[in-house]
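To start, the structure under review is shown below, and the notes come after it.
Because the structure is a prediction, the values reported are computed rather than measured.
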Amino acid sequence: MTDSDDEQLQTTISGPKNAAPDSPQRNRPQWDDLPVTDETANLRQGPDLHEACLGVLPLVGVWRGTGEIVDPAAEGARAFGQQLTFAHDGRPFLFFESRAWLLDEDNRVGELLDRETGFWRPQPDGSLEVVIATSNGLAEIYYGPKGDMRSWQIESDAVARTGSARATSGGKRLYGLVNQGDLAYVDERSLDGGEVAPYMSALLHRVVG
């Protein structure tokens, strides 16, 4: 572990400035009777983070916030709420999950959006392999270069879809730490035969970890 990695670890353990006050004590729901090691989204609890995952250590946690979705099939931008989870079970990958929902002008929850689940798989050289499956019938493989402990960019290499899934030919995502502890991202996609363009973006605050 380098000095910068150690500094980032200490910052994560002590808690970022903008985290929810009780985030250090919280975790994703745990299965205490599971006969194998359960996943943890809190570095203070559960198994030690695998050394291969040090480059994505700052992502571990549960994040919530709001963003904007720009869909070429809809009129105008729409607000949405989201929860992202990055967890680990001591092995050399992170479990990833996204849940999102539309918000109306009064910030009330509306239509539920697609769910995503997958794995971030750091490689020996620090680069990333990411596999994501969605509830709308897509399975995507992304690759990305080694991050700098503050930002991570991945770009799709292959997209498979079911017969009923929306035409999606690829995209890229950029995740980054901002505002002394928040997580922001931009998700760009090629939809319905169009060019790759911004689709979703959000600013999320740590609520676990």
One pair to check against side-chain contact (heavy atoms from CB on, under 4.5 Å): Ser169 and Val159. What are the steps and the verdict? CA-CA 6 Å; Ser169 57; Val159 180; over 6 Å; no
Show the numbers, then the answer: is there a side-chain contact (heavy atoms from CB on, under 4.5 Å) between Leu183 and Leu177? CA-CA 5 Å; Leu183 178 64; Leu177 299 181; 4.1 Å; yes
Working for side-chain contact (heavy atoms from CB on, under 4.5 Å), residues Leu94 and Leu49: CA-CA 9 Å; Leu94 297 186; Leu49 185 71; 4.3 Å; yes
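The same ILVMFWY cluster, assembled from side-chain heavy atoms under 4.5 Å apart, contains both Leu113 and Leu191. Val207 is not connected to Val60 by any chain of hydrophobic side-chain contacts under 4.5 Å among Ile, Leu, Val, Met, Phe, Trp and Tyr, and they are in different clusters. In this structure, Phe95 is not a member of the same hydrophobic cluster as Trp152, with clusters built from ILVMFWY side-chain heavy atoms closer than 4.5 Å. Cluster annotation: Leu138 and Val131 are assigned to distinct hydrophobic clusters (Ile/Leu/Val/Met/Phe/Trp/Tyr, side-chain heavy-atom contacts under 4.5 Å, transitive). Both Met200 and Leu102 belong to a common hydrophobic cluster when Ile, Leu, Val, Met, Phe, Trp and Tyr are linked at side-chain heavy-atom distances under 4.5 angstrom.
Looking at Pro58 and Met149, their side chains come closer than 4.5 Å, going by heavy atoms from C-beta outward. Looking at heavy atoms from C-beta onward, Leu128 lies in side-chain contact with Trp120 at the 4.5 angstrom threshold. Looking at Phe96 and Ile132, their side chains come closer than 4.5 Å, going by heavy atoms from C-beta outward. For the pair Leu84 and Val62, the minimum side-chain heavy-atom distance is 4.5 Å or more. Between His88 and Pro47 the shortest side-chain heavy-atom distance falls below 4.5 Å. Residues Leu174 and Tyr185 have side chains not in contact (no heavy-atom distance under 4.5 Å, counting atoms from C-beta outward). Within the 4.5 Å cutoff, the side chain of Tyr142 has heavy atoms near those of the Arg173 side chain. Gln83 places none of its side-chain heavy atoms less than 4.5 Å from the side chain of Ser98.
Summarising the geometry of Val208 relative to Ala41, their closest heavy-atom pair is CG1-O, 3.7 Å, with the distance given to 0.1 Å. Smallest separation of non-hydrogen atoms from Arg91 and His50: O-CB, 3.5 Å. For the pair Ala184 and Val178, the tightest heavy-atom approach, listed with the atom from each and the gap, is CB-CG2, 4.0 Å. Taking both residues in full, the closest heavy atoms of Pro72 and Arg166 are given as CG-NH2, 4.1 Å, listed atom of the first, atom of the second, then distance. Listed here is the closest heavy atom pair of Val196 and Ser190: CG2-CB, 3.9 Å. Nearest heavy-atom pair, Ala165 versus Asn136, reported as atom, atom and distance to 0.1 Å: CB-O, 3.3 Å.
Between Phe86 and Tyr175, the ring planes are perpendicular. Angles over 60° get that label, and only those under 30° would be called parallel.
The pair Arg121-Glu129 meets the salt-bridge criterion, since a charged nitrogen lies less than 4.0 angstrom from a carboxylate oxygen. Between Arg108 and Asp106 there is a salt bridge, since a side-chain N of the basic residue sits under 4.0 Å from a carboxylate O of the acidic one. Using a 4.0 Å cut-off between charged nitrogen and carboxylate oxygen, Arg28 and Asp38 count as a salt-bridge pair.
Rounded to the nearest 0.5 Å, atoms CG (Asn27) and CD (Glu39) are 10.0 Å apart. For the atom pair Trp101 CH2 and Glu111 CD, the distance stands at 14.0 Å (nearest 0.5 Å). With rounding to the nearest 0.5 Å, the separation of CD in Glu155 from CD1 in Ile141 is 14.0 Å. Rounded to the nearest 0.5 angstrom, Leu203 CG and Asn179 CG are separated by 6.0 Å. Taking CD1 of Ile69 as the reference point, atom CZ of Phe80 lies at 6.5 Å (rounded to 0.5 Å). Going from atom CZ of Arg206 over to atom CG of Leu204 covers 11.0 Å, rounded to the nearest 0.5 Å.
The main-chain N or O of Gly171 is found under 3.5 Å from a side-chain atom of Ser156 such that the two form a donor-acceptor pair. With Asn42 contributing its side chain and Pro24 its backbone, the two residues share a donor-acceptor pair below 3.5 Å. Asp104 contributes a side-chain N or O that, together with a main-chain N or O of Asn107, makes up a donor-acceptor pair within less than 3.5 Å. The closest donor-acceptor contact from the side chain of Arg115 to the backbone of Ser135 lies at 3.5 Å or more, if one exists at all. Although no hydrogens or angles enter the test, the distance criterion places a donor-acceptor pair under 3.5 Å between the side chain of Asp148 and the main chain of Ser151.
Side-chain contact of Asp125 with Ser127: a donor-acceptor pair under 3.5 Å is present, judged by distance alone. Neither side chain, Thr40 nor Asp89, offers a donor N or O lying under 3.5 Å from an acceptor on the other.
Atom CZ of Arg99 is surrounded by 12 or fewer heavy atoms from other residues, nucleotides or ligands within 6.0 Å. Heavy atoms of other residues, nucleotides or ligands lying less than 6.0 angstrom from CD of Glu195 number 12 at most. Counting heavy atoms of neighbouring residues, nucleotides and ligands inside a 6.0 Å radius, atom CZ of Arg78 exceeds 12 of them.
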